[in-house]
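Worksheet: the structure to be examined is printed underneath.
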Amino acid sequence: MAEHTAEQAGTTDSDRAPTDLRVRLDEEVTLRVRHRPGAADPAFLLVHGLASNAGLWDEVAARLCAAGHAVYAVDLRGHGETEAPEDDTYGTAAAAADVLAAGVQLGLTRAIVGGHSWGADVALTLATEHPSFVAGLALVEGGYTDATVFYGTWERFVSMMSMAGPALEGVTLEDMRGYLRAMHPDWSDSAIEASLSSLRTGADGSLSPRLSPRQRTAILRSVWSCPPSRLYAGITQPVTLLPATPVPDNGRIAPDVLALFEQLRASLARATEGLPHATVHEYQGADHDLHAQHPDRVATHLLELAESVGRSEVM
């Protein structure tokens, strides 16, 4: 059986301070799990998106913890402070298996699993394959878009994903910090720093992604080959969808962008139709990283899901 150890990672309010747990899965991979304690059921198990890390959940986690719930936010393999083995164990199914293994070792049962972006696909996969482990699902800016439908071709999908962040050549950590502050003026300092920790800083100060191109492509291939809508039939748990939606058309939106917005609406409609116990809370005009931009609202909606789960399990 794998082992896990803890490292204290906060200095304010010992009852609420986050702790970094190290959950060993095998000889090559020990997951970093960001933990906050709580006695109320259910516990929350939070999963980040592609090329992100558990720290982006910190502000949401603090609010869930303040409401009495235990919270565990996982750094998936190749992300954050978790190792990146040079093998082929990258993709949605592998990530879901890692999250389950960590949850079981940590003694979790009937957890609410929240996933952001690609992490929502991971959460859906986990709920489909191990329904008794998942009490409810929170799909934050993910879990409702089929890449094959939304992007049309694999080449366009990969191209669009490569445009999701700035080029790193010649960019310093301070440059990137300034870029993030300019792009996200309503993010807290802690959210900015959490986002920066998704990058690796070399001895010469150069920045690089933590995931190799091969690892990233393997994850994208899994997203492409297994659209989330294929999983809906196996989902019986309550689901909360938190999408960032565009502001109403004011006549100044380019036609190609407007077409993407219409596809987003269609994707949401398919999700709500395919998930019989789904509730949707739209974040109009919001960033992709809702948990960083609107931690209060996201936490409120996750707590409402917890209340819903509690009522359904008492009945």
Side-chain angles (χ1 to χ4, degrees), residues 1-4 21 23-26 29 31 33-48 54 57 60-61 64-65 67-77 89 91-116 118-140 142-144 222 226-242 271-280 301-315:
M1 175 162 305
E3 302 172 350
H4 65 268
L21 305 177
V23 182
R24 188 181 182 194
L25 301 185
D26 55 39
V29 178
L31 298 185
V33 181
R34 194 91 163 138
H35 171 54
R36 294 174 187 263
D41 289 328
F44 287 88
L45 183 56
L46 306 177
V47 187
H48 61 75
W57 281 108
V60 172
L64 299 177
C65 177
H69 295 268
V71 188
Y72 301 82
V74 181
D75 272 344
L76 299 174
R77 64 177 63 207
T89 54
T92 304
D98 285 352
V99 172
L100 175 68
V104 169
Q105 287 188 51
L106 293 166
L108 298 183
T109 58
R110 302 295 293 160
I112 288 181
V113 182
H116 171 254
W118 170 53
D121 289 10
V122 175
L124 278 167
T125 301
L126 177 56
T128 300
E129 297 182 352
H130 301 277
S132 63
F133 181 81
V134 180
L137 282 170
L139 308 180
V140 182
Y144 53 84
S222 74
C226 186
S229 59
R230 294 185 187 177
L231 305 175
Y232 293 165
I235 301 298
T236 59
Q237 301 90 339
V239 179
T240 291
L241 288 151
L242 304 182
T272 54
E273 181 179 353
L275 296 166
H277 306 292
T279 300
V280 181
H301 288 138
L302 266 60
L303 290 170
E304 289 174 356
L305 175 60
E307 291 177 6
S308 173
V309 166
R311 289 193 300 268
S312 66
E313 297 196 342
V314 168
M315 295 173 62

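Along the sequence shown, residues are numbered consecutively beginning with 1.
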CA sep, side-chain torsions, deciding dist, call: Gln105, Leu25, side chain to side chain contact (heavy atoms under 4.5 Å, CB included)
CA-CA 9 Å; Gln105 287 188 51; Leu25 301 185; 3.8 Å; yes
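Proximity of a side-chain donor or acceptor of Ser222 to a complementary backbone N or O of Thr92 within less than 3.5 Å is detected.
Heavy-atom minimum distance, Gly142 versus Ala120: C-CB, 3.3 Å. Minimum heavy-atom separation, Leu124 to Gly143: CD1-O, 3.5 Å. The shortest non-hydrogen separation linking Tyr144 to Ala271 is CB-CB, 3.7 Å. The nearest pair of heavy atoms linking Ala43 to Leu108 is CB-CD2, 4.1 Å. Across all non-hydrogen atoms, the minimal contact from Ala127 to Val134 is CA-CG2, 3.7 Å. When every heavy atom of Trp57 is checked against every heavy atom of Val140, the shortest pair comes out as CH2-CG2, 4.0 Å.
Residue pairs meeting the side-chain hydrogen bond (donor to acceptor under 3.5 Å, both in side chains) criterion with at least one partner in residues 226-239, sequence neighbours excluded, are Asp146-Ser229.
Ala97 meets the side chain to side chain contact (heavy atoms under 4.5 Å, CB included) test with no other residue; sequence neighbours excluded. Take His116 and apply the ring-ring contact (aromatic ring centres under 6.0 Å, His included) test, not counting sequence neighbours, and it matches His288, His291. By the side chain to side chain contact (heavy atoms under 4.5 Å, CB included) test, Glu273 is found to be paired with no residue, residues two or more places apart in sequence or in another chain being considered. In this structure, the side chain to side chain contact (heavy atoms under 4.5 Å, CB included) partners of His130, at least two apart in sequence or on a different chain, are Leu100, Leu126, Phe133. In this structure, Thr109 has no side chain to side chain contact (heavy atoms under 4.5 Å, CB included) partners at least two apart in sequence or on a different chain. Every residue two or more places apart in sequence or in another chain was checked for a side chain to side chain donor-acceptor pair (under 3.5 Å) with Thr125, and none qualifies.
With a 4.5 Å cut-off on side-chain heavy atoms, Val239 and His277 do not count as touching. Inter-residue side-chain proximity for Pro238 and Leu305 is flagged as met; some heavy-atom pair is nearer than 4.5 Å.
Between Ile112 and the choices Leu137, Thr240, Val309, Leu45, the side-chain contact (heavy atoms from CB on, under 4.5 Å) rule is met once, by Val309. Each of Leu139, Leu302, Val280 was compared with Leu242 under the side-chain contact (heavy atoms from CB on, under 4.5 Å) criterion, and only Leu302 meets it.
One distance of note links CG of Leu231 with OG1 of Thr128; it measures 4.5 Å at 0.5 Å rounding. One finds the CG atom of Leu21 at 11.0 Å from the CG atom of Leu31 (value rounded to the nearest 0.5 Å).
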Below 3.5 Å, can you tabulate the donor-acceptor pairs from side chains in residues 67-77 to any protein atom, sequence neighbours excluded?
residue : atom : partner : partner atom : Å
His69   : ND1  : Pro42   : O            : 2.7
Asp75   : OD1  : Ala54   : N            : 2.7
Asp75   : OD2  : Arg32   : NE           : 2.7
Asp75   : OD2  : Arg32   : NH2          : 3.0
Asp75   : OD2  : Glu81   : N            : 2.9
Arg77   : NE   : Asp98   : OD2          : 2.7
Arg77   : NH1  : Thr89   : OG1          : 2.5
Arg77   : NH2  : Asp98   : OD1          : 3.1
Arg77   : NH2  : Asp98   : OD2          : 3.2

